[in-house]
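Data first, discussion second: the structure below is written as structure tokens.
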Amino acid sequence: MPDPAQLQSAKNPQRPRLRGVRTILLAWTVVFGACTALSAQGGPPPLGPLPPPLVPPGNPQTPAKIVLGKMLFWDEQLSSDDSVACATCHLPEIGGSDPRSFTSPHPGSDIFFGNANDVLGSPGVAKQDCDGTMLPDPLFGFERQVTGRKTPSMINAAYSPRLFWDGRATGQFVDPETGAVLLFAGGALESQAVGPLVSSVEMACEGRTWDDVRAKLQAVTPLAFASDLTPDITAALATSSNYPALFQAAFGTPVINAGRIGFALASYQRTLISNQSPFDAFLANGPTALTPQQNQGFQALVGECLPCHGGPLLTNQTFQNIGVRPAGEDLGRGAVTGVPQDNGRFKVPSLRNVALRAPFFHNGGKSTLAEVIDFYDNGGDFFAPDLPPINLSFAEEVAIEVFLTTALTDPRVAAGLPPFDHPSLRTYFRRGDTNRDNEVDISDPIATLAFLFLGSVTLVCEDATDANDDGTINIADVITTLDRLFVGGAPLPSPSDRSTGPDPTLDTLDCG
Ligand code: HEC
Ligand code: HEC
Ligand SMILES: [Ca+2]
Ligand SMILES: [Ca+2]
Ligand SMILES: [Ca+2]
Ligand SMILES: [Ca+2]
């Protein structure tokens, strides 16, 4: 950790900063007006209400395509073993990221778990042949493989000209089946969407082909394993009950191919725009829309965190090395461009809904926003060539944290309301609900006992039966549930016996 006194002297006193009482208004007008010039040089984009995202002319938004994309995004059958949907890793309620990250380590740049270069990622599929034979993975054995980076949000991803932490998904969308260029620009979402389906870490068996994906989608009942279908999905299924019919409704013929899958998934994601946070009220109506402390936080952000986190999205969409980890561990942008200066650079993420998606950074290395703010105050944890010196007073640190936590969350995202509404995945469960009738009552501990001692019950969702969430199923789970039901014991661990959701703690148990 650098010595604060040293840091202080390293700071440039001439650095222009917006400070003081008058700057709330000043900051607002300045970033609104004068930043257009800056933005041309990679500075902050001008501030103003969030405009709708650009739609590539080659893939216009249509209701049929959007609802097909939504079904594909939420269908676990898109994975080889029916266990992972796009949404498994990208949940709206978690700000578009993954509630399992905290307990899902990837060993990072070495093969050892439990040291500082570990990354908190997202579990995908366990390594397997396309005939269903499980294969041992050198890092994860027969368990689910975990991604090597923290899952970023698909919400507002429509604004990003280059996707992934390193920007490797670009606006030119090349059909992975034919090599034809389907979109010349603006198609980063399309380019990104065709990756996970054939990634043997995320959703695919080893060597999965687009013919495999096609054959599967032609055969399955859409969303067969999901429940609580949303009205738009129910309506689409009422007229088109299988994927070929849904593709026909969206594209005019029943052909299923990679290009169309990419088009539909991108169209759906272009509807996932979060623009109803207190910050949006501020963008429309000015400082009166925020509390004094939120205003102070935004003012400190303008003073210290621009140009990187400027504009209505709070990102300038560039790649910067701010010293989260030594560049050698993950070259980031450098591995894509081959330019040495890009080593250790990662995409500046939008700060919208950020409070919902801990842990933070590309490696999930910071658990709280307070830790992130400390990180900036310390000038980064490692060599941070792109980070200007940042010097926050304690009051500013607190105000920034308040601003990030309270002003940037769209309540529709947090609550999963339209357009962020969605079906329940089958890996969602109610803790304690062994017999999966969607309520926890005496029949559940009885079913667990029957499983344990009579072998007369087959578990559909082991995680639900693991009532105390300790990763094993035994008599303690029966006691925990009985205690909860009849002695007024504490609610069962997340997602609790009162609501449904994914298992936030990774273990060898599975659901579905
Ligand atoms: C196993 C977890 C997992 C699954 C399944 C998954 N993703 Fe992701 N997604 C990630 C991770 C991790 C990244 C970042 C990878 C990187 O930057 O190298 C990512 C990146 C993205 C991004 C880029 C966001 C940005 O700001 O750059 C989008 C969009 C996205 N995924 C959409 C999808 C879609 C669509 C699907 C299904 C076809 C999907 N994801 C399936 C984990 C997952
Ligand atoms: C030089 C550009 C730059 C400046 C200045 C900057 N950031 Fe960042 N910010 C980034 C980059 C790049 C990342 C992603 C880094 C990574 O993961 O390696 C990031 C990530 C974050 C994240 C985590 C978001 C997530 O989804 O994981 C938060 C929160 C954040 N910044 C807040 C701030 C605040 C608050 C300030 C001012 C005190 C600030 N940033 C200043 C470039 C910057
Ligand atoms: Ca490690
Ligand atoms: Ca039950
Ligand atoms: Ca247990
Ligand atoms: Ca668990």
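Residue numbers count from 1 along this sequence. Both ligands and their constituent atoms are indexed starting at 1 by order of listing. Since the model is a prediction, treat every value here as computed from it, not as a measurement.
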TODO: Name the closest protein heavy atom to atom 39 (C) of ligand 1, giving the residue it belongs to and the distance to 0.1 Å.
DONE: Pro196 CG, 3.5 Å

Open item on the list: Check whether Asn295 reaches the backbone of Gln299 with its side chain - one donor and one acceptor, N or O, closer than 3.5 Å.
Closed with: no

Open item on the list: Do the side chains of Arg325 and Asp118 get close enough for a salt bridge, i.e. N-O under 4.0 angstrom?
Closed with: no

Task: atom 43 (C) of ligand 1: the protein heavy-atom neighbour that sits closest, reported with distance to 0.1 Å - done: Glu202 OE2, 3.2 Å

TODO: Would you kindly say whether His422 and Glu93 are connected by a side-chain donor-acceptor distance under 3.5 Å?
DONE: yes

Open item on the list: As a test of reading the structure, name the N/O/S atom of Asp477 that is nearest the Ca ion (ligand 5).
Closed with: OD1

Task: Top protein contact for atom 31 (N) of ligand 1, by heavy-atom distance - done: His90 NE2, 2.9 Å

TODO: Output, in order, the C-alpha distance, side-chain angles, deciding distance and verdict of side chain to side chain contact (heavy atoms under 4.5 Å, CB included) for Leu68 and Arg260.
DONE: CA-CA 10 Å; Leu68 170 60; Arg260 288 178 168 192; over 6 Å; no

Open item on the list: For Tyr376, which part has a heavy atom under 4.0 Å from ligand 2: side chain, backbone, both, or neither?
Closed with: side chain

Open item on the list: When you compare the side chains of Ser79 and Gln77, does any donor N or O come within less than 3.5 Å of an acceptor on the partner?
Closed with: no

- [ ] For residues Phe375 and Phe360, establish whether the separation of their ring centroids is below 6.0 Å.
- [x] no

Task: Where ligand 1 meets Cys86 - atom numbers and elements under 4.0 angstrom, heavy-atom basis - done: 34 (C), 35 (C), 36 (C), 37 (C), 38 (C), 39 (C), 41 (C)

Task: Lys216 with Asp82: basic N within carboxylate O range, under 4.0 Å - done: yes

- [ ] Give the atoms of ligand 1, by number and element, whose distance to some non-hydrogen atom of Thr151 is under 4.0 Å.
- [x] 10 (C), 11 (C), 12 (C), 42 (C)

Open item on the list: Please list, in number order, the atoms of ligand 2 under 4.0 Å from a heavy atom of Phe346.
Closed with: 12 (C), 16 (C), 18 (O)

Task: Identity of the N, O or S atom of Asp470 lying closest to the Ca ion (ligand 5) - done: OD1

Open item on the list: Regarding ligand 2, does His362 bring an N or O atom to under 3.5 Å of one of the ligand's N or O atoms?
Closed with: yes

Open item on the list: Please list, in number order, the atoms of ligand 2 under 4.0 Å from a heavy atom of Leu369.
Closed with: 29 (C)

- [ ] Please verify whether a non-hydrogen atom of Arg162 lies at under 4.0 Å from ligand 1.
- [x] no

- [ ] Answer yes or no as to whether an N/O/S atom of Thr465 is found below 3.0 Å from the Ca ion (ligand 5).
- [x] no

Open item on the list: Does any N or O of ligand 1 fall below 3.5 Å from an N or O anywhere on Gln192, backbone included?
Closed with: yes

Open item on the list: With a sphere of 6.0 Å drawn around CG of Leu54, does it hold more than 12 non-hydrogen atoms of other residues, nucleotides or ligands?
Closed with: no

Task: Per-atom contacts of ligand 1 with Ala193, taking only distances under 4.0 Å to non-hydrogen atoms - done: 38 (C)

TODO: Using only heavy-atom distances, determine whether the side chains of Arg352 and Thr315 contain a donor-acceptor pair under 3.5 Å.
DONE: no

- [ ] For atom 28 (C) of ligand 2, find the nearest protein heavy atom and state the residue, atom name and distance (0.1 Å precision).
- [x] Leu351 CD2, 3.5 Å

- [ ] Could you list the atoms of ligand 1 found under 4.0 angstrom from a heavy atom of Leu197?
- [x] 38 (C)

TODO: Considering only non-hydrogen protein atoms, determine which one is nearest to atom 27 (O) of ligand 1 and report residue, atom name and distance to 0.1 Å.
DONE: Phe164 N, 2.6 Å

TODO: Quick one: look at Asn321 and ligand 2, take heavy-atom pairs under 4.0 Å, and tell me if it's side chain, backbone, both or neither.
DONE: neither

Task: Proximal ligand 1 atoms for Val84, defined as those under 4.0 Å from one of its heavy atoms - done: 5 (C)

TODO: Mark up the atoms of ligand 2 that fall under 4.0 Å of a heavy atom belonging to Gln320, in ascending order.
DONE: 2 (C), 12 (C)

TODO: Could you tell me whether some N/O pair between Arg357 and ligand 2 is separated by less than 3.5 angstrom?
DONE: yes

TODO: Just go through Gly365, Ala300, Cys305 and tell me whose heavy atom is the nearest to atom 37 (C) of ligand 2.
DONE: Cys305

- [ ] Return the orientation label for the Phe346 and His362 ring planes: parallel under 30°, perpendicular over 60°, tilted otherwise.
- [x] parallel

Task: Polar contact flag, side-chain donor to acceptor under 3.5 angstrom, Asp75-Tyr243 - done: yes

- [ ] Could you give me the CA-CA distance, side-chain angles and deciding distance for Asp330 and Arg149, then say whether salt bridge (Lys or Arg N to Asp or Glu O under 4.0 Å) is met?
- [x] CA-CA 9 Å; Asp330 183 343; Arg149 289 183 186 148; 2.8 Å; yes

Open item on the list: Counting only heavy atoms, tell me which of Ile322, Val354, Ile400 gets closest to atom 11 (C) of ligand 2.
Closed with: Ile322

- [ ] Decide whether Ser83 and Glu76 meet the rule of one side-chain donor and one side-chain acceptor closer than 3.5 Å.
- [x] no

Open item on the list: Suppose we measure from atom 24 (C) of ligand 2 to each protein heavy atom; which comes out shortest, and what is that distance?
Closed with: Pro349 CG, 3.6 Å

Task: Closest non-hydrogen atom pair, Arg270 against Gly187 - done: NH2-CA, 4.3 Å

Task: Structural part of His309 in contact with ligand 2, heavy atom criterion under 4.0 angstrom - done: side chain

Open item on the list: Considering non-hydrogen atoms of the protein only, which is the closest contact for atom 35 (C) of ligand 1, and what is the distance?
Closed with: Gln269 NE2, 3.4 Å

TODO: Inspect the contact between Arg436 and Asp433 and indicate whether a charged nitrogen and a carboxylate oxygen are less than 4.0 angstrom apart.
DONE: no

TODO: Determine, considering heavy atoms only, which of Ala358, Cys308, Ser153, Gly96 sits nearest to atom 2 (C) of ligand 2.
DONE: Cys308

Open item on the list: Could you check whether any heavy atom of Lys347 sits closer than 4.0 Å to an atom of ligand 2, since that is the contact criterion I want to use?
Closed with: yes

Task: Non-hydrogen atom of Ala169 closer than 4.0 Å to ligand 1 - done: no

Open item on the list: Within the structure, is a non-hydrogen atom of Gly121 found at a distance of less than 4.0 Å from ligand 1?
Closed with: no

Task: Numbered atoms and elements of ligand 1 in range of Ala85, under 4.0 angstrom, heavy atoms - done: 5 (C)

TODO: Starting from atom 20 (C) of ligand 2, find the nearest protein heavy-atom neighbour and note its residue, name and distance.
DONE: Phe361 CE2, 3.3 Å

TODO: Determine, for Asp463 against Arg431, whether the closest basic-nitrogen to carboxylate-oxygen distance falls under 4.0 angstrom.
DONE: no

- [ ] Distance to 0.1 Å, residue and atom name: give those for the protein heavy atom nearest to atom 12 (C) of ligand 1.
- [x] Arg149 O, 3.3 Å

Open item on the list: Please give the atom name: the N, O or S atom of Asp466 nearest to the Ca ion (ligand 5).
Closed with: OD1

- [ ] Looking only at distances, please establish whether an N/O atom of ligand 1 is found under 3.5 Å from an N/O atom of Arg168.
- [x] yes

TODO: Could you see which bit of Val372 sits under 4.0 Å from ligand 2, with heavy atoms only: side chain, backbone, both or neither?
DONE: side chain

TODO: Using non-hydrogen atoms of the residue, decide whether Ser160 is closer than 4.0 angstrom to ligand 1.
DONE: no

TODO: Please verify whether a non-hydrogen atom of Trp165 lies at under 4.0 Å from ligand 2.
DONE: yes

- [ ] Taking atom types as modelled, find out whether Thr151 and Asp98 have a side-chain donor-acceptor pair closer than 3.5 angstrom.
- [x] no

Open item on the list: If I take every N, O or S atom of Thr472, is at least one of them less than 3.0 Å from the Ca ion (ligand 5)?
Closed with: yes

Task: Donor-acceptor side-chain pairing of Asp477 and Thr448 below 3.5 angstrom - done: no

Open item on the list: Return the closest protein heavy atom for atom 19 (C) of ligand 1 as residue, atom name and distance.
Closed with: Pro152 CD, 3.5 Å

Task: Residue, atom name and distance, where the atom is the protein heavy atom closest to atom 4 (C) of ligand 1 - done: Cys89 SG, 3.3 Å

